[in-house]
Amino acid sequence: MTDRFEPLIIGFTCNWCSYRAADLAGTSRLKYPPNIRLIRLMCSGRLDPTFVLKALSSGADGVLITGCHPGECHYIEQNYKALRRYLLLRRTLAQMGIEPERVKLVWASAAEGARLAEEIIKMVEEIRALGPLNWPAADGGRGTGDGKYPASVIHPPSEEEVTA
Amino acid sequence: MDTATVETQPPRVRGEGERPPLPPLPPPPVVDLGFLKEVVEATAGVSRLEMCIQCGTCGGSCPSAADMDHTPRQLFAMVRAGLRDEVLRSNTPWFCVSCYHCVVRCPQGVHITDIMYTLKSMAIRAGYYKDATAPDFAKTFVYYVENYGRSFELGLATRFYLRHHPLRVPGIAPLGLDMLVKGRIDLTPRRIKHMDQLKAILARAAELEAAQ
Amino acid sequence: MTERNEQERIGVYVCHCGTNIAGTVDVEDVAQWAAGRLKHRGVVVARDYKFMCSSLGQEMIEKDIQELGLTRVVVAACSPHLHEQTFRTACQRAGLNPYLCELVSIREQCSWVHTDRLAATAKAKAIVSGGVERVLYHEPLEPLRVPIHPATLVVGGGIAGIQAALEIADSGFPVYLVEREPSIGGHMAQFDKTFPTLDCAACILTPKMVSVGSHPNITLLTWSEVTKVDGYVGNFTVTVRKKARYVNTELCTGCGVCQEKCPKKIVDEVFEAGLGYRKAIYTPFPQAVPKWPVIDRENCTYFQKGTCKACEKFCPTGAIDFNQEDEFITLEVGNIILATGYDLFDPRRIPQFGYGRLANVFTSLEFERMSNSAGPTGGRIVLRDGVTEPKSVGIIHCVGSRDRNYNNYCSNICCMQSLKFAHLVKERTGATVYNFYIDIRAGFKDYDEFYQRVLEEGILLIRGRVAEVTDAVRLAGEEGKLIIQVEDTLIGQQRRIPVDMVILSCGLEPRRDAKEVAKLFGISCSANGWFIERHPKLDPVATMTEGIFIAGACQGPKDIPASVAQGAAAAARVLGRIQQREIAMEPIRASINADKCSGCRICNNLCPFNAITFHEDRMVSEINPALCQGCGTCVAACPAGAIRGTAFSNEQVLAQIEGLLLLNVDGGRAETVVPEAVAT
Amino acid sequence: MKYLLYPGCSMERFSRPYKDSLLAICQHIGLELEEVDDWNCCGATEYIAVSLLPAYSLIARNLALAQQQASSGPDYHRAGDGRNSRGGAYTLIAPCSACYLNLSKTDHYMGESPILNEKVNQALAAGGLHYTPGTVEIRHLLDIIVNEIGLEAVRKAVVRPLTGLRVAPYYGCMTPRPDYKKRWSNPEYPTELDRLLKALGAEVVDFPLKTHCCGGHMTQISPPVAYELIRRLVHAAAQYGADLLATICPMCQLNLDVYQGEMNRYFDTTYRMPILFFTQLMGVAYGLELKALGLGQELVDARPALAKIGVEMPAAEAAPARRPRKKEGLPMPRMPGEEEMSHD
């Protein structure tokens, strides 16, 4: 146990490329830090910016968006739409006073398990350097605003801790 | 045979009668399985020595392979096998001419030349080389660099030749004379301006290296 | 916390996967934690088991569904790409709609990529929690049933494509076989003998080619290329460019007079591998299928200078037609098999082997042509001068393979090919033959026996990767020879071996345009450039894209037996589909709630499949479920929230986010949690 | 715009003709050079064999000095000048192969290994210096001429084309290899010097040993090994009918020229293969004064070769050629094109 800040990152993956890259990273027994938790979408084009804001407001310190390389989208061109939304989203975040670096877009094909793992390692370090996210706006949700909860929770609490 | 001796014997195998103890086994050969790791760590950059597949591209490419005790490939197998003494006594690193042919041809991307430098400096430290010619040449070279900041061919040649090839000096001398006639040899070494600065840097570097 | 259905009863099943998961994740703890801390979210039972995918594991789930009245199931195990179907089927057997089951991955995305047991266990809990939240919003669905068009497109007329086409055609279904070159046959048609049995390639290939050419169920489109692929599994629409042949195939009898009379002779870089010539009007080889020649426009005197027309003058049936133009045709097919093959590694990239500089260094394909009795030398093995028989030959293995500077993979066929070359040289010239190898890989049926046979014939094998081939002499006896410099690693000495001829056993590479072809058909390439199969062991001929299959060397280096097996395997997969008449697809589709649609039309231009149409009369947009592919881009874009994406709804994703961030623990009393950090 | 120059120890005396000729041609084509002030030896292949960290620190002092000097003024050439945006690394020309390699290697490994970078900079700090890897870009003079000046410009400046002169281009080892920054067309078979010589009008021999070893320091440590390597090169040049061999490295020139006589004595052979620096040939083609190019200082007489293209050197300039002890007996059969150089 150390006092080092452990960021929590939500990763959105595309069913056709980056989710399979994550699978490949696993089958190849590559290693990356456990600070990331992945969600599967059918396409990076499915990514509603609301999902990102929801994740950040609910305790994530960063969001990784992944998709097929430009020109390789399973649905022809939807990753370009994801790119467009991503750029817009970063601007919005900046306006809200949140470091836009907390959200990152990475292309990873189904063959690029190693690349995905590398990007995850890099992103965890980058977010660690940024520190915990202080979600600025009250979103009506829970557990936000104090900048602590539950961003640094890597272990879910044990029964004793809660009752203690 | 008294009872005390019998008690210290290994337990008897069930069903066997009492037998005299087996004679002691000879000691195993001296191997140092940490040697590979040591060589890898002492080499600047990524050596990839552990990736060698023993294909022989290096030994095939080497311009001085014929004069080596072991081909580079064999030497790497010996490093792996932990034969530290044999490796550091081998003349192989000293015959490396730093041509980098093996490096660019190696299918596994092993940084062979840099590994040879590492083995040379390990051999010097261990004092293991049997023929001191090459190490001494290197040391003479270093002497001039450390005292003048520049290399000095004439000094290097005379100092070194007198020590190692005294019989060849008469043969080589006319060659030096030719060079002099052509204006291609200095009679005195040149010294850089800030020798003190260089000395300070080298001293600090030596300290840091010793601390490792 | 989002609203949820209070009546749901969820079962959580955590798999050990032997030690694959249990080795890093405390699976028992995960199950206990889910049962205790997620019970407020509806978890009524949580169990761990050694192999959840085993029949006993599945039965356990089925029993719980029936006895405990489960309405939702979460399985925490491997990737859904592996076992989602298994657990869905189990649920279905127990009477639960299969789409009410969620498989979350704690193996590929947790136990295999992390080492810290505490942290991995914690992450597994979060993943399970995400799955529990998500599954609450699952809805019972029925798979989409898509009709399968009975015709199949096979791309590439090498041995793999030929095999696939014949298997399907023989079963009574129509096949379109598209080939880029003027004839089918592929690389195999260039060979003389095939290892390990040494039967003649033409003898076994020609009958198959003829069957393809005459098969009533096969439409053969040579000198053609696919330019566009629309649609999806079951209903692809493919556009094919039939390049102008300048020969009327209705009239041509294939008599060959035009080729005889054509005055323009050029080096044939394709079929003869640069070792022989062809005319400007040509069929690549006498047994070509189809028999009709093509005019190579770039080299035809008439097309370049405006006069000649020798072929036209001599054609007895008047089949030459200089006015022909490229033709675009569209095909309707249900499935596609890609068998596009490989390219040979260009050894000019390794200058120290001297290919291109030193006359008597040959590539493996050049040697195949030379040894072929129908080839440029009539099967005589001679030096570049075309006359002299070599007295000594060196064969270099692994050229461009197993080498980080070029291709790091093993090309699989070269060992056997090189041994075959050694045999042929020995048999036909009696020359001294050296083979230079790193390792001999002869791992298939009768391959090692062939190796033994070659050894018996007195071939000299030298273990060592060749350093260089040079004509710069160093020792007496090397004059006029090619010198192969190598470390003979078994004696630990550098050797210089003078020979008359050097054969480079070049590796196989993906086709130069493999990336573009993959893009055209919507599949992916591996880091090395080969097409990626759906699963390396369990699904080697399917791809990630439904309805697209791969066979032969386009998937990775392969010899003839393996290519034929894959061609047949791909055909079997397609035939299964065709016989089913329809395919069940994931019901992942978008739909518009007309009451909510504001008619803003933002979604209209987002769909690359043109599935969304706007009804001017009602001022609402509508999605055609037959065209929708389920990407969800429109769902994310709809400002009114009127578009719903089945199986990936906003509710499902948002709930999963909450679950992953553990907002649901203890039914939402999580504020009391003490933050705790851990070293990774 | 100025280029920083790191000449290296050899250039000061025993390869003086290289320095003279390179300064002459650079002045002629308007390439301004400025020496790194108070540079020290690069350590050749010797220092690094004795101790690693001092060797890297020794080399890094030069890089630090270059960085300091270049950042003091605005008019030093930087990477990307004239092509991309300004602001790239400062260009440092190293005409000697060993220096080129050692400087490149140190910069490369300091960039690759943070530990090495830290330690070397700790050592440099003892002398009040600091070097940031990547701030200096080390390039060989040949690379600058071919890729910055351009062959078209070279061709235009030629007044006395080397037409009819058969030249074997010789790169040696340490310039094209290991080529950390992938600057050369090929580490085995580069073509830069071939193309340059062609631009000068010479007939270029497709020299198979163009990147093989000249013997390096073996002339000092184990002369027989070195003589064998020299023999191979000289023989191959003769086998291919070369009139002379052009080098880009002082060590190669030293070994092949100065030790060619020793080699002949050792093997009892009669090779007479002149070895010139490529800069000397450029100067000849540019019509510069022969003495200013250091011609005549070579030990194997280059006069017969240059006479082929009508370049006459005053006899007094050339020292008497050394003769081999014995003239009879060739261990190797005569090769095509060898006749004209064995008459001496």
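These numbers were taken from a predicted model, which means no experiment stands behind them. Letters go in sequence order (proteins before strands), and every chain restarts at 1.
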Need one label for B/E207: side chain, backbone, both or neither, based on atoms under 4.5 Å from any heavy atom in chain D. neither
Please state whether the side chain, the backbone, both or neither of B/V145 comes within less than 4.5 Å of a heavy atom of chain D.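 When you check distances to chain D, only side chain atoms of B/V145 fall under 4.5 Å.
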Please tabulate, for side-chain N and O atoms in residues 60-68 of chain B, each donor-acceptor pair with protein atoms closer than 3.5 Å (sequence neighbours left out).
residue, atom, partner, partner atom, Å
B/S61, OG, B/T57, O, 2.7
B/S61, OG, B/R105, NH1, 2.9
B/S64, OG, B/F95, O, 2.6

Parallel, tilted or perpendicular: ring planes of B/H111 versus D/Y109, cut at 30 and 60 degrees: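 B/H111 and D/Y109: parallel rings.
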Nearest heavy atoms of [X] and [Y], plus distance in Å:
X	Y	result
D/V50	B/S121	O-CB, 3.6 Å
D/C41	B/R150	CB-CA, 3.8 Å
B/E209	D/S51	OE1-CB, 3.1 Å
D/L53	B/A205	CD2-O, 3.6 Å
D/K105	B/D114	NZ-OD1, 2.6 Å

What residues of residues 173-181 of chain D make heavy-atom contacts with chain B at a cutoff under 4.5 angstrom?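 Within residues 173-181 of chain D, the residues that come under 4.5 Å of chain B (heavy atoms only) are D/C173, D/M174, D/R177, D/P178, D/Y180.
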Between B/H101 and D/T211, is any pair of side-chain heavy atoms under 4.5 Å apart?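 Yes, close enough: below the 4.5 Å cut-off.
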Tell me which one of B/L202, B/L198, B/I201 satisfies side chain to side chain contact (heavy atoms under 4.5 Å, CB included) with D/N40. B/L198
Let's test your reading of the structure: which of B/E146, B/M122, B/M195 forms the most heavy-atom pairs below 4.5 Å with chain D?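 If we count pairs closer than 4.5 Å to chain D, B/E146 comes out on top.
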